[in-house]
Amino acid sequence: MKSPFTFNHTAPNNADQKQPALFLLHGMGSNEEDLPQLVKDFENTHHIFSLRGPIVHKPGYSFFLIEEIGKPIRDVFDKVVTHLQAFIREAIVEYNLDPKDITILGFSQGAILAQTVALTMGPEISKVVALSGYIPDFVKTEYSKQSTTHLSIFISHGDYDYVIPSQWGLDSKEYFETTGANVTFKTYTDGHGVTPENHQDLLEFLNKN
């Protein structure tokens, strides 16, 4: 893989045949060890790629930097989106992935990227799980976007999220609905995190779709 990302990869059973894949994108200050626990149920059936953000952001890493909440630094964000697109496309070829069953799961800034990549890659992405994220305004107004009428997306947010306002999760839900995507939207009496109920709901979404 010609990629700037450090990543962990686990292969499913029968990896010599085309199999689906999950791409995991962590939140700011975390790392590639954070999210795989959420999708352990799929280790035997999916390739799982957990990426580490390329920017050191103690105590962990970041995929991009921000001017303030809701405003990613544009040039850094643009580059990481391009690199993620390239990573997914290369992985499909190198690991013999099923191109019709590609899922991105992200938390916080990982959810921001997951939604952006889905909008820009169109039919190349099958499913998205966006936990406690949002869509930057410049993505909505300035990015070149593809059709999402095929896309199934699970969006969730904590009602008491003081890092990324819960209204922004609702905004994402409404935006994707206008694009024709199949949206599942859930809220929880929680802050900026993933509750056990949230975890069960996202597993149900992945199993159903």
Side-chain angles (χ1 to χ4, degrees), residues 5 7-13 19-53 57 59-63 69 84 88 97-98 101-118 125-135 148 151-177 181-209:
F5 299 111
F7 65 97
N8 289 342
H9 167 247
T10 59
N13 300 330
Q19 301 288 3
L22 282 155
F23 293 84
L24 311 180
L25 307 175
H26 63 73
M28 183 175 284
S30 189
N31 60 48
E32 71 277 17
E33 303 290 343
D34 187 29
L35 298 180
Q37 60 186 322
L38 296 179
V39 293
K40 286 184 70 66
D41 289 2
F42 300 95
E43 286 181 347
N44 294 328
T45 57
H46 289 62
H47 287 270
I48 300 175
F49 300 86
S50 188
L51 282 65
R52 176 197 296 175
H57 189 94
Y61 299 87
S62 178
F63 286 97
I69 293 296
L84 284 170
I88 293 169
L97 309 181
D98 181 354
D101 200 345
I102 302 298
T103 300
I104 310 176
L105 183 155
F107 173 75
S108 195
Q109 70 165 215
I112 298 167
L113 287 168
Q115 293 174 91
T116 300
V117 170
I125 306 300
S126 309
K127 296 182 287 292
V128 168
V129 174
L131 310 169
S132 305
Y134 63 90
I135 308 168
T148 60
L151 181 72
S152 292
I153 180 167
F154 177 91
I155 299 171
S156 67
H157 223 102
D159 290 326
Y160 304 106
D161 189 335
Y162 298 112
V163 177
I164 296 176
S166 59
Q167 177 63 43
W168 294 4
L170 179 61
D171 291 345
S172 290
K173 174 247 188 191
E174 293 175 346
Y175 182 83
F176 272 102
E177 286 179 339
N182 177 19
V183 183
T184 300
F185 179 66
K186 301 276 188 177
T187 59
Y188 306 92
T189 53
D190 189 38
H192 195 65
V194 180
T195 66
E197 183 184 1
N198 193 174
H199 185 207
Q200 287 303 311
D201 286 342
L202 76 85
L203 291 178
E204 181 180 341
F205 167 82
L206 290 173
N207 278 312
K208 184 172 67 174
N209 292 279

### Message
Apply side chain to side chain contact (heavy atoms under 4.5 Å, CB included) to residues Asn198 and Asp190 and explain how you reach the verdict.
### Response
CA-CA 10 Å; Asn198 193 174; Asp190 189 38; over 6 Å; no
Taken to the nearest 0.5 Å, the spacing of Ile155 CD1 from Tyr175 OH works out to 11.5 Å
inquiry  = Could you check whether any side-chain N or O of Ser126 sits under 3.5 Å from a backbone N or O of Ile102, counting only pairs where one atom can act as donor and the other as acceptor?
reply    = yes
- Residue pair Thr103 / Pro20, side-chain heavy-atom distance below 4.5 Å: no
- Ser108 side chain reached by Met28 side chain, heavy atoms, under 4.5 Å: no
*asked:* Between Val129 and Leu38, is there a side-chain heavy-atom distance shorter than 4.5 Å?
replied: no
Heavy-atom nearest pair, Ala118 first then Thr148, reads O-CG2, 4.1 Å
Result for side chain to side chain donor-acceptor pair (under 3.5 Å) between Ser172 and one of Gln167, His157, Gln115 points to Gln115
Taking every heavy atom of Gly133 against every heavy atom of Ala111, the minimum-distance pair comes out as CA-CB, 3.8 Å
The single option from Arg52, His26, His9 that satisfies side chain to side chain donor-acceptor pair (under 3.5 Å) with Glu32 is Arg52
key: Within-4.5 Å side-chain heavy-atom neighbours: Asp201 and Phe154   = yes
Tyr188 and Val194, any side-chain heavy atoms less than 4.5 Å apart: no
Note to self: Students often mix this up, so state it plainly: with edges at 30° and 60°, are the rings of His46 and Phe42 parallel, tilted or perpendicular?
What the structure shows: perpendicular
Here the gap from Asp98 atom CG to His47 atom NE2, rounded to the nearest 0.5 Å, amounts to 10.0 Å
Between Gln19 and Asn13, the two heavy atoms sitting closest are NE2-O, 3.4 Å
Quiz item: Can a donor-acceptor pair be found between the side chains of Glu33 and Asn8 at a distance below 3.5 Å?
Solution: yes
To the nearest 0.5 Å, atom CD of Gln37 lies from atom NE2 of His199 at 7.5 Å
Report task. Could you give me the CA-CA distance, side-chain angles and deciding distance for Asp41 and Asn207, then say whether side chain to side chain contact (heavy atoms under 4.5 Å, CB included) is met? Result -> CA-CA 10 Å; Asp41 289 2; Asn207 278 312; 5.5 Å; no
Checklist entry - Under 4.5 Å between any side-chain heavy atoms of Leu51 and Phe63, yes or no? => result yes
Rounded to the nearest 0.5 angstrom, the CD1-OG distance for Ile112 and Ser132 is 10.0 Å
Of Phe107, Tyr162, Tyr160, the one forming a ring-ring contact (aromatic ring centres under 6.0 Å, His included) with His192 is Phe107
Closest non-hydrogen atoms of Gly158 and Ser166, given as atom of the first, atom of the second and distance, are O-CB, 3.3 Å
For a 4.5 angstrom cut-off between non-hydrogen side-chain atoms, does Phe176 reach Leu151? yes
Around atom CD of Glu204, are there more than 12 heavy atoms from other residues, nucleotides or ligands closer than 6.0 Å?
no
Partner of Phe49 under side chain to side chain contact (heavy atoms under 4.5 Å, CB included), picked from Leu22, Thr10, Leu97, is Leu97
| Do Leu105 and Leu131 touch side chain to side chain, with heavy atoms closer than 4.5 Å? | yes
Distance col, row Lys173:NZ vs Ile153:CD1, nearest 0.5 angstrom, shows 12.5 Å
Heavy-atom nearest pair, Thr184 first then Phe205, reads OG1-CD1, 4.0 Å
When rounded to the nearest 0.5 Å, the distance separating CG of Asp171 from CD1 of Ile135 is 8.5 Å
With side chain to side chain contact (heavy atoms under 4.5 Å, CB included) as the test, would you mind laying out the steps for Leu25 and Leu84 before giving the verdict? CA-CA 10 Å; Leu25 307 175; Leu84 284 170; 3.8 Å; yes
